[in-house]
Amino acid sequence: MAYPRAEDEILGLRKLFPRVLFPLLFLALLLIGLLGSLWLYRKPAETPSEHEAYIAPQPPSPSRSPRVGLVAGHLGHDSGAVCADGLTEVEVNTTIAREVARRLEALGYTVDVLEEFDERLHGYRAAALLSIHADSCEYINELATGFKVARAQADAVPERSDRLVACLISAYGRSTGLRFHKDSITYDMTDYHAFREIAAETPAAIIEIGFLYLDRDLLTRGRERVVEGIVEGLRCFLEEGR
């Protein structure tokens, strides 16, 4: 068996060296580059500034759009109280309810304007339900001016409904300047039919916004104050603790 000469071995190594060395150098440089990139990528998360703590990104919270139900008293059923010149309670109630709905929707709430005996009232669920009515259009006496607010006598969520009533009394009285008729709240208000139809967990109230005789000017020409009082009363209740 013949053995290669030393000169031949050296010549062979010299020819092999470039073909092996250059790929190895290329792989080494590529590996160093990758490791450097990983180090730069991880560094901000691993070594936050001493003046600023690292805060992990949080998922966005889901949007909240509380639902509010507004019953326009007598709408779709009858006229309610009727004044001598033909003005009806249902006209006043509906105008006020729709304007309140418009204002609340502009604030981001979802609002249902409901008829007096609306089918949707059965099992109705919302953050709040308010039925809007007006008082008599006949002259009673000089004390027949002002507003009333009440909740169901048998309320499944009395604490929440009481808070709704309190918010409405405060905001409505402040906006309209009318006095609250605490002692003239009737059984028809505390046993209002819709209170028995809605879901038990829905806080609800009924408001008599004023008398169509002595408070007529406010309820028709100055209704912006009426609307403002109702909107602010509902906001007081809906936004507390949010």
Exercise. Give the intermediate values and the outcome of side-chain contact (heavy atoms from CB on, under 4.5 Å) for residues L107 and V231.
Key: CA-CA 10 Å; L107 291 169; V231 169; 4.2 Å; yes
Practice problem: Carefully, step by step, assess E224 and E228 under the rule side-chain contact (heavy atoms from CB on, under 4.5 Å). | Solution: CA-CA 6 Å; E224 176 59 30; E228 180 74 14; 4.1 Å; yes
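Once rounded to the nearest 0.5 Å, the distance linking SG of C83 with CZ of R216 reads 5.0 Å. Note that CD1 of I209 is 7.0 Å distant from CD1 of I132, once rounded to the nearest 0.5 Å. The structure places CG of L214 at 9.5 Å from CG of L143, a figure rounded to the nearest 0.5 Å. For the atom pair T202 OG1 and L164 CG, the distance stands at 11.5 Å (nearest 0.5 Å). The line from CZ of F211 to CG of D135 is 4.0 Å long, rounded to the nearest 0.5 Å. With values rounded to the nearest 0.5 angstrom, Y213 atom OH is found 11.5 Å from N141 atom CG.
Considering all non-hydrogen atoms of both residues, A199 and R125 come closest at CB-CG, 3.5 Å. Looking at every heavy atom in both residues, S161 comes nearest to A204 through OG-N, 3.3 Å. Minimum interatomic distance between A126 and R67 (heavy atoms only, all atoms of both residues): CB-O, 3.3 Å. Considering all non-hydrogen atoms of both residues, A97 and L70 come closest at O-CD1, 3.5 Å. Nearest heavy-atom pair across P203 and A127 is CG-O, 3.1 Å. For the residue pair G210 and L178, the shortest heavy atom distance occurs at CA-CD1, 4.5 Å.
For the pair H193/E116, a side-chain contact is recorded, criterion being any heavy-atom separation below 4.5 Å from C-beta on. Two residues are said to be in side-chain contact when any heavy atoms from C-beta on lie closer than 4.5 Å; F147 and L218 fail this criterion. Counting only heavy atoms from C-beta outward, the side chains of D215 and T176 never approach each other to under 4.5 Å. I206 has its side chain within reach of H133: a pair of non-hydrogen atoms, C-beta onward, lies under 4.5 Å apart. In this structure, the side chains of D118 and V71 stay at 4.5 Å or more apart for every pair of heavy atoms. Looking at heavy atoms from C-beta onward, M189 lies out of side-chain contact with R151 at the 4.5 angstrom threshold. Within the 4.5 Å cutoff, no side-chain heavy atoms of C137 are placed close to those of E89. Residues L238 and V68 meet the side-chain proximity criterion, which asks for heavy atoms closer than 4.5 Å.
Linking Ile, Leu, Val, Met, Phe, Trp and Tyr residues whenever their side-chain heavy atoms come within less than 4.5 Å leaves V90 and V92 in two separate clusters. Residues F117 and L114 are members of separate hydrophobic clusters, defined by side-chain heavy-atom contacts under 4.5 angstrom among Ile, Leu, Val, Met, Phe, Trp and Tyr. V165 and I185 fall within the same hydrophobic cluster, where Ile, Leu, Val, Met, Phe, Trp and Tyr residues are linked whenever their side-chain heavy atoms come under 4.5 Å apart, directly or through other members. In the hydrophobic cluster analysis, where Ile, Leu, Val, Met, Phe, Trp and Tyr join through side-chain heavy atoms closer than 4.5 angstrom, Y172 is grouped together with F180. In terms of hydrophobic clustering, with Ile, Leu, Val, Met, Phe, Trp and Tyr side chains grouped at heavy-atom distances under 4.5 Å, L87 and V227 are assigned to a common cluster.
By the 4.0 Å N-to-carboxylate-O rule, E99 lies close enough to R102 to be salt-bridged with it. E105 has no carboxylate O lying under 4.0 Å from a charged side-chain N of R98, or vice versa, which leaves the two without a salt bridge. Note on R235 versus E232: salt bridge recorded, some NZ/NE/NH1/NH2 to OD/OE distance being below 4.0 Å. A salt bridge is absent between E115 and R120; no separation between the charged side-chain nitrogens and carboxylate oxygens falls under 4.0 Å.
When the ring-ring contact (aromatic ring centres under 6.0 Å, His included) test is applied to Y124, no partner is found at least two apart in sequence or on another chain.
The backbone N or O of T220 sits less than 3.5 Å from a side-chain atom of R223, completing a donor-acceptor pair. Without hydrogens or angle criteria, K148 side chain to K182 main chain gives no donor-acceptor distance under 3.5 Å.
In Y187, the OH atom is not crowded: 12 or fewer heavy atoms of neighbouring residues, nucleotides or ligands sit closer than 6.0 Å. Annotation for R160: atom CZ counts as buried by contact number, over 12 foreign heavy atoms lying within 6.0 Å. A 6.0 Å sphere centred on CD of E119 holds no more than 12 heavy atoms belonging to other residues, nucleotides or ligands.
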